[in-house]
J.: 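My structure is below; once you've seen it, I'll send some questions.
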Amino acid sequence: MKTRKLGNQGLVVSELGLGCMGMSEFYSGRDEQEAHATIHRALEFGVNFLDTADMYGPYTNEELVGRAIKDRRDQVVLATKFGVLRTEDKGFAGVNGRPEYVHQACDASLQRLAVDQIDLYYLHRVDPNVPIEDTIGAMAELVQQGKVRYLGISEAAPDTIRRAHAVHPITALQTEYSLWSRDPEDEILPTVRELGIGFVAYSPLGRGFLSGTIKSLDDLAPDDYRRYSPRFQGENFSKNLQLVERVKAIATEKGVTATQLALAWLLAQGEDVVPIPGTKRRTYLEENVAATEITLTSEELRRIEEVAPKGMAAGDRYPDMSSVNR
């Protein structure tokens, strides 16, 4: 497994990370034993960049990851996030970026993860009611206290990224990026590259849609949150399915899976881009890891661009887009 540098502060991670969210929530099926086995297998492959957040579960995903890495902490680059609030019935209760909450959230995450230090600590969503300078200032105090090594921010607008970076160096910006979510190419990627900030791509497989295995909503369990995603609804679903079929055709021609082609394409977008595909099963992890061995020719990249141009996906990424790109 090759490595990539995130930011200019010294953080080096595996070129492919592992998103752990689905091990605890949003996708149907829970199997902690298999989740732990998946994390351990990732580490065996050299996938050392693990991504979680306090709101996943809520709160239980950090505990799961903490148990999985208990005797392997030195092998892991551990990233977690804070700022999104949840209710007792697992609903969403807004965003909190207040300085005092920054410290409370970090201490709680450290306890759940059972670690002394978080390698990369993200603001999960920008709080519109708190100046970003105040939130990042409090996060910088965590670095000074030794509780956090590097700072990140997720789903932030270019101006917000600049303002945050002016307070304390931002090591990574995490935003959705894939063949059907290419909007970061407009302003986000140019901004982070200008500032020397790494880019972490979440949902690099379009929440599994780019795998080509989802043919209808019947393929999703009743409690799968993707059933409520605009891109999985009605006419949007049909249009996006056509996009996936075209990508799948190129993959078949090359002798790889649609999943592997989508990840190989993302890895080819720059050495500063690190995809973190999420999975809770070893089988899918192994398929994802194999994508790192795929080299796409300029002709193949041209053909992919032709069938999956920017803006091709139908529907918004979320039912409510007000909390992203702030």
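This chain uses plain numbering: 1 for the first residue, then up along the sequence. Worth saying up front: this structure is predicted, and the values here are computed from it rather than measured.
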J.: Quick one: do the Thr171 and Gln9 side chains pair a donor with an acceptor below 3.5 Å?
T.: yes
J.: Measuring only between side-chain heavy atoms, which start at C-beta, is Ile153 closer than 4.5 Å to His124?
T.: no
J.: Assigning hydrophobic clusters by single linkage (Ile, Leu, Val, Met, Phe, Trp, Tyr; side-chain heavy-atom cutoff under 4.5 Å), is Tyr121 placed with Val12?
T.: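 No; tracing contacts between hydrophobic side chains, which count when under 4.5 Å, never links both residues.
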J.: Without swapping roles, check the side chain of Ser14 against the backbone of Asn48 for a donor-acceptor pair under 3.5 Å.
T.: yes
J.: Answer yes when Asp107 and Lys147 have at least one side-chain N-carboxylate O distance shorter than 4.0 Å, and no when they do not.
T.: yes
J.: With a 4.5 Å limit on heavy-atom distance, are the side chains of Ile170 and Ile136 in contact?
T.: yes
J.: Under a 3.5 Å cutoff, is there a donor and acceptor pairing between the side chains of Glu155 and Tyr122?
T.: no
J.: Starting from Met139, can I reach Leu78 by hopping between I/L/V/M/F/W/Y residues whose side chains sit under 4.5 Å apart?
T.: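 Yes, Leu78 connects to Met139 through the hydrophobic network.
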J.: Backbone N or O of Lys280 within a donor-acceptor pair of the Thr38 side chain at under 3.5 Å?
T.: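 Present.
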J.: Compute whether any side-chain donor of one residue and acceptor of the other, for Gln260 and Asn288, lie under 3.5 angstrom apart.
T.: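 No, because no side-chain N or O of Gln260 sits under 3.5 Å from a partner of the opposite role on Asn288.
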J.: Compute both the distance and the angle, then confirm whether Arg182 meets the cation-pi test with Tyr177: under 6.0 Å from the six-membered ring centre, within 45 degrees of the axis.
T.: no
J.: Does the distance from a Lys or Arg side-chain N to an Asp or Glu carboxylate O, for Glu271 and Lys5, drop under 4.0 Å?
T.: no
J.: Please check this pair: side chain of Asp272 against backbone of Gly198, looking for a donor-acceptor N/O pair closer than 3.5 Å.
T.: no
J.: Just by distance, with hydrogens left out, do His36 and Arg67 show a side-chain donor and acceptor under 3.5 Å apart?
T.: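 Result is no, nothing qualifies.
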J.: Are a donor atom and an acceptor atom from the side chains of Arg231 and Ser181 found within less than 3.5 Å of each other?
T.: yes
J.: Answer with yes or no whether the side chains of Thr3 and Glu15 bring together a donor and an acceptor at under 3.5 Å.
T.: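 Their side chains do not contain a donor-acceptor pair, so the 3.5 Å distance test is not met.
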J.: Decide salt bridge (charged side-chain N to carboxylate O under 4.0 Å, His left out) for Arg162 and Glu194; before the verdict, give the C-alpha distance in whole Å, the side-chain angles of both, and the deciding distance to 0.1 Å.
T.: CA-CA 10 Å; Arg162 291 180 187 281; Glu194 176 193 333; 2.8 Å; yes
J.: Looking only at the side chains, is there a donor atom on one of Ser109 and Glu62 sitting less than 3.5 Å from an acceptor on the other?
T.: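 Yes.
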J.: With a 3.5 Å distance limit and no angle check, can you tell me whether Arg30 reaches the backbone of Ser24 through a side-chain donor-acceptor pair?
T.: yes
J.: Do Asn61 and Met55 come close enough that some side-chain heavy atom pair is under 4.5 Å?
T.: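 No, side chains not in contact.
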J.: Should the pair Arg282 and Tyr284 be classed as cation-pi, given the thresholds of under 6.0 Å to the six-membered ring centre and 45° from the axis?
T.: no
